[in-house]
Amino acid sequence: MLTNRLILFFEKEVEVMSDLDELTKELMRDEEFRREYEAIQPELNITRAIFDARIRSGMTETQLSKRSGISQADISRLETGNRNPSLNLLKRLANAMNVTLRIEFVPNI
């Protein structure tokens, strides 16, 4: 039963992501939107990286909270982009998830 729920969840997520991708492509045709979207990419990359690492670690926000000492509410704020993390906070999260924190500067193409 759980497997069926997970499959249904992931199928819906893929469908939503496909719709979101299509919408994003359409909106990117607007120069002002594109500039604003590109300007917030570093923040979005951080929030997505935190979320993805937690999911790969098989942890809930509550479990990560207990292991990191960071409140569940703050973890939620980090993952939704409503709080900007400090480097020390990122280190605590990485340690709690048993992953390596890597920050890199990538040349523009």
Check against side-chain contact (heavy atoms from CB on, under 4.5 Å), Ile75 and Thr62: CA-CA 9 Å; Ile75 290 170; Thr62 302; over 6 Å; no
Between atom [atom1] of [X] and atom [atom2] of [Y], what is the distance when rounded to the nearest 0.5 Å?
{"X": "Arg48", "Y": "Ile50", "atom1": "CZ", "atom2": "CD1", "answer": "12.0 Å"}
{"X": "Asn95", "Y": "Leu90", "atom1": "CG", "atom2": "CG", "answer": "12.5 Å"}
{"X": "Ser68", "Y": "Lys91", "atom1": "OG", "atom2": "NZ", "answer": "15.5 Å"}
{"X": "Lys25", "Y": "Asp21", "atom1": "NZ", "atom2": "CG", "answer": "6.5 Å"}
{"X": "Met97", "Y": "Arg56", "atom1": "CE", "atom2": "CZ", "answer": "8.5 Å"}
{"X": "Phe33", "Y": "Thr24", "atom1": "CZ", "atom2": "OG1", "answer": "6.0 Å"}

Would you say [X] and [Y] make side-chain contact, with heavy atoms under 4.5 Å?
{"X": "Leu93", "Y": "Pro85", "result": "no"}
{"X": "Leu44", "Y": "Gln41", "result": "yes"}
{"X": "Glu104", "Y": "Arg102", "result": "yes"}
{"X": "Ser65", "Y": "Ile70", "result": "no"}

Under a 4.5 Å side-chain heavy-atom rule over Ile, Leu, Val, Met, Phe, Trp and Tyr, are [X] and [Y] clustered together?
{"X": "Phe51", "Y": "Leu89", "result": "no"}
{"X": "Met28", "Y": "Leu23", "result": "yes"}
{"X": "Val99", "Y": "Ile103", "result": "yes"}

For Asn82 and Thr80, test the side chains for any donor-to-acceptor distance below 3.5 angstrom and give the result as yes or no. yes
Would you find more than 12 non-hydrogen atoms of other residues, nucleotides or ligands less than 6.0 Å from Asn98 atom CG? no
Backbone N/O of Gln72 and side chain of Ser76: donor-acceptor pair under 3.5 Å: no
Derivation and outcome, side-chain contact (heavy atoms from CB on, under 4.5 Å), residues Met59 and Leu64: CA-CA 6 Å; Met59 301 174 76; Leu64 181 55; 4.1 Å; yes
Taking NZ, NE, NH1 and NH2 as the nitrogens, is one of them in Glu32 or Arg35 under 4.0 Å from a carboxylate oxygen of the other? no
Where is the tightest heavy-atom contact between [X] and [Y], given as atom of each residue plus distance?
{"X": "Leu78", "Y": "Arg83", "value": "CD2-O, 3.6 Å"}
{"X": "Glu38", "Y": "Pro42", "value": "O-CD, 4.0 Å"}
{"X": "Arg54", "Y": "Glu61", "value": "NH1-N, 3.6 Å"}

